[in-house]
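Quick notes on the structure that follows.
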Amino acid sequence: LSTRLGGRYIEIPVYSLSYREFLEFHRLEDSDDALLHYLRIGGLPGLRLYDIKEESQVSDYLQGVYNTIMMRDVITRENIRNVPLIENLSHFIADNDGKLISVNSIVKFLKSQGENTSATVLSSYLDYLCKALIINPVSRYDIHGKKLFELIYKYYFADHGLRNYLCGFNLRDSIEKVMENAVYLHLLQQRFKVNVGILRAGEVDFVATKGGKTIYVQVTYLLATEETISREFGNLAAIRDTCPKYVVSMDPVGGALSQYPGIRHLNLRQFLKSAL
C-alpha cells in the first residue's frame, strides 16, 4: 500500500494567524494598540489561552514552542551534536531578520565571536531550521532580467513572535524588521510566492507572484524624510510595468503621491487587512 501511495499527496500549507484572524482569536477591535500586540507577540493560535498583555505568559509559551521544535524537529531528528552552534545561528538569523545573508558572511561573523565552523556545516544547519519551519528562505529575483539568484538569501521567521522571543519583545530597535516579517507572512497567507526584487538602482523588498499576477511591495517604518520617500517610491518607479506597487509604512495617513503615479501608499494596518 505504501508503494502505491508513494509520491501521491497534496500539501496544504498552514501559517500562523493573519492580523484579521489575530483580532478574531483575541476578540480585539482593530486599533494601533491591537496592531502593536500582533507585531510584538505574533500569531501562534495557542496564545489565545493566555493574557497577551502579560509578557511573562507570552514569553513562557513562545519559549515552550521554540524549544520543542528545536529539540524534536532539529536537534534530535538531525542528530546535532553542536547544540550551541545551531542556537547561535538561530539567534543570528533573528537579529538579521530580513537582511541579505550569505553562508560565508555568517562563518566570518561566528569566527569573530570565537566560534570556528565551516560553510558546509552552516548550510546544513540552515536547511534544518528551514525544514522545521522555524525560518523561511527568500531568493533574490532580477526584476529586469527575470531570473532567480541563489547563494544569498533573506530569511524570515514563520512567526514573528518566535523571532521576538529570541531578540526580546522591545520593538523600538527592531520595528522595521518585524514589520517586514509581518508583511512577508501576509503575502504568504494570500498564497503568493515571494522573492526579493533586485534592480540596477537598488532593491525592492518583495516581488510577489500568484498565477499570472505580480505585485511589488516596499516596507519602511516612516516616510519621515524626502530621502526615504525618494528611496522607497523611487525603487518602485524604476520598474517599467503596470503591476500593482505598494509602499507600506506606519504613517497614519496613506494615499498616492503626485510625483509617483501608480504607486499606492498604505498604512501597515490597512495592508494587513487587505485582500491582494
Side-chain angles (χ1 to χ4, degrees), residues 39-40 42 59 62-63 65-71 73-142 148-185 188 194-199 202-207 218-221 231 235:
L39 293 178
R40 187 172 61 89
S59 181
L62 293 176
Q63 181 183 31
V65 171
Y66 173 79
N67 288 342
T68 299
I69 296 171
M70 281 293 288
M71 182 56 66
D73 296 340
V74 180
I75 295 169
T76 301
R77 181 188 296 270
E78 306 297 347
N79 194 27
I80 291 175
R81 297 181 180 180
N82 193 345
V83 175
L85 175 58
I86 198 164
E87 288 283 6
N88 288 339
L89 176 61
S90 183
H91 280 81
F92 177 86
I93 296 298
D95 195 46
N96 291 274
D97 192 17
K99 292 184 179 179
L100 286 171
I101 296 173
S102 70
V103 173
N104 287 334
S105 68
I106 304 176
V107 171
K108 290 179 181 177
F109 172 78
L110 292 177
K111 284 184 176 180
S112 72
Q113 302 298 306
E115 182 75 61
N116 199 11
T117 186
S118 69
T120 302
V121 170
L122 282 183
S123 292
S124 296
Y125 282 11
L126 283 170
D127 184 53
Y128 300 155
L129 292 174
C130 292
K131 286 196 298 184
L133 303 181
I134 296 176
I135 58 175
N136 295 327
V138 180
S139 302
R140 297 177 299 158
Y141 178 77
D142 184 342
L148 287 173
F149 295 106
E150 296 182 351
L151 300 180
I152 299 178
Y153 298 90
K154 284 188 176 183
Y155 292 93
Y156 294 98
F157 274 73
D159 181 80
H160 47 275
L162 292 177
R163 182 264 167 206
N164 292 340
Y165 158 70
L166 292 173
C167 292
F169 292 95
N170 184 2
L171 296 180
R172 185 178 299 276
D173 298 326
S174 58
I175 182 64
E176 196 158 326
K177 297 176 185 177
V178 179
M179 287 174 60
E180 201 170 310
N181 206 129
V183 167
Y184 167 74
L185 291 176
L188 287 189
V194 184
N195 295 112
V196 179
I198 302 299
L199 293 163
E203 178 187 298
V204 174
D205 289 326
F206 300 115
V207 180
Q218 288 280 72
V219 184
T220 190
Y221 176 39
R231 181 183 67 246
N235 285 355

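Every heavy atom of this structure was used, including side-chain atoms; hydrogens, water molecules and symmetry mates were not. All of these numbers come straight from a predicted model, not from anything done at the bench.
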How many angstroms lie between CD1 in Ile80 and CG in Leu85, if you round to the nearest 0.5 Å?
8.5 Å
As an exercise, state the distance from OH of Tyr165 to OG of Ser59, rounded to the nearest 0.5 Å.
6.0 Å
What pair of heavy atoms forms the shortest contact from Ala158 to Leu185, and how long is it?
O-CD2, 3.5 Å
With distance as the sole test, does Asn164 use its side chain to make a donor-acceptor pair with the main-chain N or O of Arg40 at under 3.5 Å?
yes
Does the side chain of His160 reach to within under 4.5 Å of the side chain of Tyr184, using non-hydrogen atoms?
no
Contacts of type side chain to side chain contact (heavy atoms under 4.5 Å, CB included), residue Arg231, not counting sequence neighbours:
Thr220, Thr228, Asn235
Ser102 side chain to Ile152 backbone, donor-acceptor under 3.5 Å
no
Does Phe157 offer a backbone N or O that forms a donor-acceptor pair with the side chain of Asn181 under 3.5 Å?
yes
Just so I know, are the side chains of Tyr153 and Val138 near enough to count as touching, which here means a heavy-atom distance under 4.5 Å?
no
Is the shortest side-chain heavy-atom distance between Thr117 and Asn82 below 4.5 Å?
no
If every non-hydrogen atom of Gln218 is compared with every non-hydrogen atom of Val204, which pair is closest and at what distance?
OE1-CA, 3.3 Å
What is the distance from atom OG1 of Thr76 to atom CE of Met70, rounded to the nearest 0.5 Å?
10.5 Å
Would you mind reporting whether Ile86 and Leu129 have side-chain heavy atoms less than 4.5 Å apart?
yes
Which pair of non-hydrogen atoms, one from Leu62 and one from Gly161, has the smallest distance, and what is that distance?
CD1-O, 3.4 Å
Over all heavy atoms of both residues, which pair between Tyr155 and Asp97 is shortest? Give the atoms and the distance, please.
O-OD1, 2.9 Å
Distance-minimising heavy-atom pair for Ala132 and Val74
CB-CG2, 3.6 Å
What's the spacing between Ile198 CD1 and Leu100 CG if we round to 0.5 Å?
6.0 Å
Has Lys131 got more than 12 heavy atoms of other residues, nucleotides or ligands less than 6.0 Å from its NZ?
yes
If you apply the rule side-chain contact (heavy atoms from CB on, under 4.5 Å), what do you find for Tyr156 with Glu180, and how did you get there?
CA-CA 9 Å; Tyr156 294 98; Glu180 201 170 310; 2.4 Å; yes
Within the distance-only criterion (no hydrogens, no angle test), does the side chain of Arg140 pair as donor or acceptor with the backbone N or O of Val196 below 3.5 angstrom?
no
Could you give the distance from OH (Tyr125) to CD1 (Ile106), rounded to the nearest 0.5 Å?
13.5 Å
Looking only at heavy atoms, the pair that brings Cys167 and Asp95 closest together is SG-N, 3.7 Å
Begin with the C-alpha distance, continue with both residues' side-chain angles, and end with the deciding distance and a verdict on side chain to side chain donor-acceptor pair (under 3.5 Å) for Tyr66 and Ser90.
CA-CA 11 Å; Tyr66 173 79; Ser90 183; 2.9 Å; yes
Answer whether the closest heavy-atom distance between the side chains of Ile135 and Leu126 falls below 4.5 Å.
yes
Can you check whether Ile101 reaches Phe92 side chain to side chain, under 4.5 Å on heavy atoms?
yes
Taking only residues two or more places apart in sequence, or in another chain, which ones meet Tyr141 in a ring pair (Phe, Tyr, Trp, His ring centres under 6.0 Å)?
none
Hey, could you give me the CZ/CD1 distance between Arg163 and Ile134, rounded to the nearest 0.5 Å?
15.0 Å
Can you tell me if OH on Tyr221 sees more than 12 non-hydrogen neighbours from other groups inside 6.0 Å?
no
Hey, does Leu122 have a side-chain heavy atom less than 4.5 Å from the side chain of Leu110?
yes
Using modelled atom types only, decide if a donor and an acceptor are shared between the side chain of Lys177 and the backbone of Gly98 within a distance under 3.5 Å.
no
